[in-house]
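Let me begin by presenting the structure, written as structure tokens, before commenting on it.
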Protein chains: 2
Amino acid sequence: MKSKSNVTIKDVAKRAGVATSTVSRVINNKSLISEETKEKIIEAMRELNYFPNSLARNFANGNACAIGLVIDANDNNTFSNVFFNKSVFGIETVAQNNGYNILITNGGEEKNGVTSVEKLILERKIDGLILPSVMAKKKLIKKLFELDFPFVILGEPENFKLESSWVDINNTQGGELAVNHLIQKGYKRIAFFSGNPKAIFSQNRLKGYRQALASAGLSVDEKYIVYCEETPAAGYNLLKEIFKMPQPPDAVICSDNIMAFGVLRAAGEMGLLVPKELGVLSFDNYPIAEYTNPPLTVVDVDTYSLGEQAASILIKKIGHEKEVNQQTLISTSIIARESTNLKGE
Amino acid sequence: MKSKSNVTIKDVAKRAGVATSTVSRVINNKSLISEETKEKIIEAMRELNYFPNSLARNFANGNACAIGLVIDANDNNTFSNVFFNKSVFGIETVAQNNGYNILITNGGEEKNGVTSVEKLILERKIDGLILPSVMAKKKLIKKLFELDFPFVILGEPENFKLESSWVDINNTQGGELAVNHLIQKGYKRIAFFSGNPKAIFSQNRLKGYRQALASAGLSVDEKYIVYCEETPAAGYNLLKEIFKMPQPPDAVICSDNIMAFGVLRAAGEMGLLVPKELGVLSFDNYPIAEYTNPPLTVVDVDTYSLGEQAASILIKKIGHEKEVNQQTLISTSIIARESTNLKGE
DNA sequence: CGCTTTTATGCAACCGTTTGCATAATTTAA
DNA sequence: TTAAATTATGCAAACGGTTGCATAAAAGCG
């Protein structure tokens, strides 16, 4: 059909006066080939401008050289999600370096009882799967085990936590880091404006928050822990609300930059000086974080590494029949900016 | 090698008591098959839980069912770039619906005189290419023509503008829209804070700006047109600078949200009321735009559609031997917010 | 120096589909 | 009623690699 009359391995073999198997062995540098024939073959390949047809190779080898990446069908902001994007970049880089392509798929839809992910696997389009924890439903994971199909979860999953491989940001450590930074700067009454309490990352951050306060010998005031949406409006309202308390906090940890944005605005309106009278710290380092007024101290999460790790674990799994499961946590770090600089150092 | 002992077309044929060719014809619903055998075959496929092996299909058909997407090797922010991401989402969606995968590749590196893009093509890993205009260098495009390989450029290119297919945001119309909106709101002296003057999109926006002013019978004050980096600092400095003029502008169009951010901060410090004393409008609608103080009026560019268009043009090209080249412009629209609401309507 | 071991290469089957051509079965035309 | 046209299906050769097995040549050994 689509011919373009291309050079094949046979042409190379003929030209070099050897069998196709020998050429194949040179391409894959397998077994022992004498230096002499090797050079002859490489020369022939160059002369004919030969490139191995990857379709034929994949077919013969029975692997697609592709890894599937499930995206959240319900979140049509997935692609404007910085968290997601940077990890995709990490995945992409590692995959590329190992000769794998990325195949993005919508996790949701089901057709005649077969999900699109399942179809991808059964049609042999992918050799492994990376999926965000929100997509790691029991049913799908069971299916993957059944098919003995290699996969890695992005973010700590709710189910099969021990039986499967996953990579996550060390949110507990991040929560500790946030509190320790604020304490070290001189803040004493630290509130926590959390996102969705059902999300595991929220729970872990809170865990770190509690641990760090305990280690510092400070008590946890449950009224200082509040859950809300990750919007500026929520941050704005929450700050105004919490300052009605007889003893309001002197610092706030926000689970999101956008929320912190609202907190800063509210502080401005209330005439509260940041960082003198209120420290503000947020998880994640969005591009806007350095441009807020004052610039925002953040817990930086390295989602690029997250992606890198996920991909390299997956590729290892694809290679070896049985691999021990692996759970990896990526450490966070503080980027200190003006919003928590209590002593004006 | 990697067996997993899967059901093949032969098993289905045997089960249904027909030849493999007949099964194949049912899979591809080609030529005429009697309803009777068709049903028999479909039944057999269901019973055996058969899924066609896409590796074998791709090999037999000689197409990879994949489209390459070149990313800018020099821009390691590519993946945090909202513009880019939304268009990728659009490309992805269309590709998926047409049975194509996306294969992302780094445009830059060259090895033994062969770029990675070229390698992808020669190894038959992709059937078509989408590349951003910054990556559409003369050398590469010539190569693509030589190989008669289908491609679409994302953004108006500098070279081969007429010979190749491309899709872009209608930046000229966007520039007009911005000016018209401001005029309609009652602003009279409109400045333009542009990005890189060498970028074609900047030139087009400026063209629209001039055209709209001319249509409205307003003269263009060249001192109102300034180029700078797309950072808050640049916007901040530029506004302070321009207000040293004897007759400063009463509105500013920024080529980027981040720049507008700096302009708003400078206005705040200078005691300039937005929108009463200064209208501020920006290209692009970042998530922060609705959370600035006051919320920012923007020219919204639909990069999702941009991606969709690019992908569907490419897929058409892949299908038909020769297709007339196509240049498509995606219209922009105004999202009016408080920052240009001069009359407090 | 003959025999075993090692090294280098060729032969041919195989991977699972697709498809041109041949043929059998059925319908149409005259 | 028979030849021609149409419809439905099968046969087998591709597609371009990879790889187990066989074998020839070279090296090592006693």
Side-chain angles (χ1 to χ4, degrees), chain A residues 1-42 44-45 48-65 99 119 121-125 127, chain B residues 1-42 44-45 48-65 99 119 121-125 127:
Chain A
M1 161 141 285
K2 193 175 283 181
S3 62
K4 291 200 188 170
S5 78
N6 252 64
V7 183
T8 75
I9 201 171
K10 282 178 198 166
D11 303 313
V12 176
K14 198 174 289 174
R15 177 90 169 207
V18 297
T20 59
S21 45
T22 310
V23 179
S24 171
R25 286 188 261 259
V26 169
I27 294 171
N28 301 285
N29 50 3
K30 265 190 184 165
S31 86
L32 306 178
I33 306 285
S34 72
E35 266 313 308
E36 199 190 339
T37 31
K38 196 172 196 169
E39 271 173 25
K40 227 169 32 183
I41 289 170
I42 290 176
M45 297 201 298
L48 297 172
N49 195 32
Y50 168 75
F51 284 83
N53 180 327
S54 65
L55 299 173
R57 299 185 74 189
N58 292 347
F59 172 50
N61 290 322
N63 53 38
C65 290
K119 198 156 164 260
I121 296 173
L122 293 170
E123 287 178 346
R124 296 244 185 298
K125 291 207 169 189
D127 305 314
Chain B
M1 159 142 287
K2 194 175 283 183
S3 60
K4 292 199 187 170
S5 79
N6 251 64
V7 183
T8 75
I9 201 170
K10 283 179 198 166
D11 303 314
V12 176
K14 197 174 289 173
R15 176 91 168 206
V18 297
T20 61
S21 45
T22 310
V23 179
S24 171
R25 285 188 263 258
V26 169
I27 294 172
N28 301 285
N29 51 1
K30 265 189 184 166
S31 86
L32 305 177
I33 305 285
S34 71
E35 267 312 309
E36 200 191 335
T37 31
K38 196 172 197 169
E39 272 173 24
K40 224 167 38 183
I41 290 170
I42 290 176
M45 298 201 297
L48 297 172
N49 194 32
Y50 168 74
F51 284 84
N53 181 325
S54 66
L55 299 173
R57 299 186 75 187
N58 292 347
F59 171 50
N61 289 323
N63 54 38
C65 289
K119 199 158 162 260
I121 296 173
L122 293 169
E123 287 179 345
R124 296 246 185 298
K125 290 208 172 190
D127 305 314

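These numbers come from the heavy atoms of this one structure, side chains and all, not from hydrogens, waters or symmetry mates. Below, chain A is the first sequence line, B the second, and so on; all start at residue 1.
- When each of D/dG17, D/dT18, C/dT18 is scored by its nearest atom to the side-chain atoms of B/S24, the top-ranked nucleotide is C/dT18.
- Without hydrogens or angle criteria, A/T20 side chain to A/K10 main chain gives no donor-acceptor distance under 3.5 Å.
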So B/I41 and B/K38, side chain to side chain contact (heavy atoms under 4.5 Å, CB included) or not? Walk me through it.
CA-CA 5 Å; B/I41 290 170; B/K38 196 172 197 169; 6.0 Å; no
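- Formation of a donor-acceptor pair under 3.5 Å by the B/N58 side chain with backbone atoms of B/L55 is not found in this model.
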Kindly give the atom pairs (protein nitrogen or oxygen, nucleotide nitrogen or oxygen) under 3.5 Å for nucleotides 7-9 of chain D.
{"residue": "D/dT9", "atom": "OP1", "partner": "B/S34", "partner atom": "OG", "Å": "3.0"}
{"residue": "D/dT9", "atom": "OP1", "partner": "B/T37", "partner atom": "OG1", "Å": "3.0"}
{"residue": "D/dT9", "atom": "OP2", "partner": "B/S34", "partner atom": "N", "Å": "2.8"}
{"residue": "D/dT9", "atom": "OP2", "partner": "B/S34", "partner atom": "OG", "Å": "3.3"}
{"residue": "D/dT9", "atom": "OP2", "partner": "B/T37", "partner atom": "OG1", "Å": "2.9"}

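- Between the CE atom of B/M45 and the P atom of C/dG16 there is a distance of 17 Å, given to the nearest Å.
- Every residue meeting the side chain to side chain contact (heavy atoms under 4.5 Å, CB included) condition with A/A56, not counting sequence neighbours, appears here in chain and number order: A/N53, B/F59.
- As a whole-Å value, the separation of B/N61 CG from C/dG20 P is 12 Å.
- Separating the NZ atom of A/K10 from the P atom of C/dG10 is a distance of 16 Å, rounded to the nearest angstrom.
- Nearest approach of B/R57 to B/P52, heavy atoms of both residues: CD-CB, 3.8 Å.
- Spacing between atom CG of A/N58 and atom C1' of D/dT18 amounts to 12 Å, rounded to whole angstrom units.
- Following rounding to the nearest Å, B/F51 (CZ) and C/dT17 (P) show an atom-to-atom distance of 12 Å.
- Place B/T20 and B/A56 on DNA chain D by their nearest nucleotides, and B/T20 ends up nearer the 5' end.
- Considering only side-chain N and O atoms, B/N28 lies under 4.0 angstrom from the phosphate OP1 or OP2 of C/dT18.
- Judged by distance alone, the side chain of B/N28 and the main-chain N or O of B/S24 form a donor-acceptor pair under 3.5 Å.
- Taking atom NZ on A/K125 and atom P on C/dG16, their separation rounds to 17 Å, with Å as the unit.
- The interatomic distance linking B/L55 (CG) with C/dT17 (P) rounds to 10 Å, in whole Å.
- With rounding to whole Å, B/I9 atom CD1 is found 13 Å from C/dC15 atom C1'.
- Between the side chain of B/D127 and the main chain of B/A64, a donor-acceptor pair closer than 3.5 Å is present.
- Comparing D/dG17, D/dA12, C/dG16 by their closest approach to the side chain of B/F59 singles out C/dG16.
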